[in-house]
Engineer: 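Here it is: the structure, laid out below.
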Amino acid sequence: AQSVTQLDSQVPVFEEAPVELRCNYSSSVSVYLFWYVQYPNQGLQLLLKYLSGSTLVESINGFEAEFNKSQTSFHLRKPSVHISDTAEYFCAVSDPRGGKLIFGQGTELSVKP
Amino acid sequence: DGGITQSPKYLFRKEGQNVTLSCEQNLNHDAMYWYRQDPGQGLRLIYYSQIVNDFQKGDIAEGYSVSREKKESFPLTVTSAQKNPTAFYLCASSVGDYNEQFFGPGTRLTVL
């Protein structure tokens, strides 16, 4: 069975510092990988995705994630965070056969001035 | 604008009452999903439907029911059998093989 582990439940960081949110997955088949962001009392928004091709994927607001097949990881990074990046971030893996997304438990990113 | 709507945003009910949460999408997506979110527990799948008139139980289906009579609609009923229904409920839809899901704004249900 597929599973997703987000290694940190909370990540506090100061504004303009770099951040990495870690995500590991387990799967015996090819997967598709996603990062979603959730602001308080809102639904989830897609941040970026890996489907195939280049292992480094980027979002429009400066986040990037790298698919590492040998380490079964899909860590999310940003070189310089803003207060507005404060949110909960979810990593997810898709099982093409199962018609579902498997979500990690979420990482709460808190950016402090 | 295409998207997913959930109504209402906040819902209050007395214990023992059934309540139905609405989810509508105009994205022409085939698949729709219901999740429950509790603090510190991530998203848990309640039910999902990959085609009209068909749906499958997710990980925590007990105490919930759904219907999928139309492609654009996937209402969720929280029954009195659900032991702890107070939570944030999210609806999503997807199309294609990648299962990229698009989420609605959520409904916060509080049972008093």
Side-chain angles (χ1 to χ4, degrees), chain A residues 1-11 21 23-25 27 29-53 57 59 65 67 74 87-110, chain B residues 3-11 21 23-25 27 29-51 54-61 68 87-110:
Chain A
Q2 293 182 320
S3 66
V4 177
T5 302
Q6 292 185 240
L7 296 160
D8 306 291
S9 59
Q10 294 180 321
V11 174
L21 307 184
C23 173
N24 285 95
Y25 69 92
S27 175
V29 299
S30 297
V31 295
Y32 309 117
L33 294 157
F34 304 87
W35 275 100
Y36 284 86
V37 59
Q38 184 181 33
Y39 300 100
N41 289 313
Q42 294 185 25
L44 276 68
Q45 303 172 31
L46 181 68
L47 189 59
L48 45 75
K49 60 189 175 186
Y50 170 78
L51 305 179
S52 65
V57 291
S59 72
F67 169 56
F74 191 53
E88 189 148 23
Y89 292 79
F90 290 94
C91 181
V93 61
S94 169
D95 177 357
R97 302 166 304 176
K100 297 184 290 183
L101 283 183
I102 309 300
F103 285 90
Q105 295 291 79
T107 297
E108 189 179 331
L109 175 63
S110 176
Chain B
I4 302 176
T5 57
Q6 291 185 245
S7 60
K9 180 70 173 175
Y10 298 95
L11 190 55
L21 281 59
C23 177
E24 304 278 332
Q25 55 101 357
L27 300 168
H29 286 175
D30 293 313
M32 297 187 74
Y33 308 80
W34 274 107
Y35 294 91
R36 170 181 173 140
Q37 189 175 24
D38 297 281
Q41 295 197 44
L43 278 72
R44 293 185 289 170
L45 183 64
I46 305 172
Y47 269 99
Y48 62 108
S49 167
Q50 293 181 300
I51 196 168
D54 189 39
F55 48 83
Q56 289 78 39
K57 293 182 179 180
D59 302 317
I60 57 164
R68 187 83 187 279
F88 190 52
Y89 290 88
L90 287 160
C91 179
S93 68
S94 73
V95 65
D97 295 335
Y98 302 130
N99 293 326
E100 177 182 341
Q101 292 185 12
F102 297 79
F103 284 80
T107 292
R108 187 167 296 281
L109 173 65
T110 302

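Note that these values count all heavy atoms, side chains included, but never hydrogens, waters or copies made by symmetry. Throughout, protein chains are lettered first and strands after them, A, B, ... in sequence-line order, and every chain is numbered starting at 1.
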Engineer: For B/I51, look at atom CD1 and say whether over 12 heavy atoms of other residues, nucleotides or ligands are found less than 6.0 Å away.
Structural biologist: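 Count not over threshold, so no.
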Engineer: Short question: side chain of A/Y36, backbone of B/Q101 - any donor-acceptor pair under 3.5 Å?
Structural biologist: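 It does hold such a pair.
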Engineer: At a 4.5 Å cut-off on heavy atoms, which part of B/Y98 comes close to chain A: side chain, backbone, both, or neither?
Structural biologist: both
Engineer: Side chain from CB out, backbone as N, CA, C, O: work out which of these in A/L46 comes under 4.5 Å of a heavy atom of chain B, or both, or neither.
Structural biologist: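 The answer is the side chain of A/L46.
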Engineer: Mind checking the CZ-CD spacing from B/R44 to A/Q105? Nearest 0.5 Å is all I need.
Structural biologist: 9.0 Å
Engineer: Could you tell me if the side chain of A/L44 sits less than 4.5 Å from the side chain of B/L43, heavy atoms only?
Structural biologist: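 Result yes, sub-4.5 Å side-chain heavy-atom pair found.
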Engineer: Please name the pair of heavy atoms, one in A/Q42 and one in B/F88, separated by the smallest distance, quoted to 0.1 Å.
Structural biologist: O-CE2, 3.6 Å
Engineer: Which heavy-atom pair separates A/Q38 from B/L90 by the least distance, and what is that distance?
Structural biologist: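 For A/Q38 versus B/L90, the nearest heavy atoms are NE2-CD1, 4.0 Å.
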Engineer: For A/D8, check side chain to side chain donor-acceptor pair (under 3.5 Å) against everything at least two apart and list the hits.
Structural biologist: A/R22
Engineer: Could you tell me which residues satisfy side chain to side chain contact (heavy atoms under 4.5 Å, CB included) with A/S59, sequence neighbours excluded, listed by chain and number?
Structural biologist: A/L47, A/L48, A/N61, A/F63
Engineer: Could you check if a side-chain atom of A/F103 sits within less than 4.5 angstrom of a side-chain atom of B/Q37, using non-hydrogen atoms only?
Structural biologist: no
Engineer: Drop me the distance from B/Y10's OH to A/N41's CG, to the nearest 0.5 angstrom.
Structural biologist: 4.5 Å
Engineer: So which part of B/L45 gets closer than 4.5 Å to some heavy atom of chain A, the side chain, the backbone, both or neither?
Structural biologist: side chain
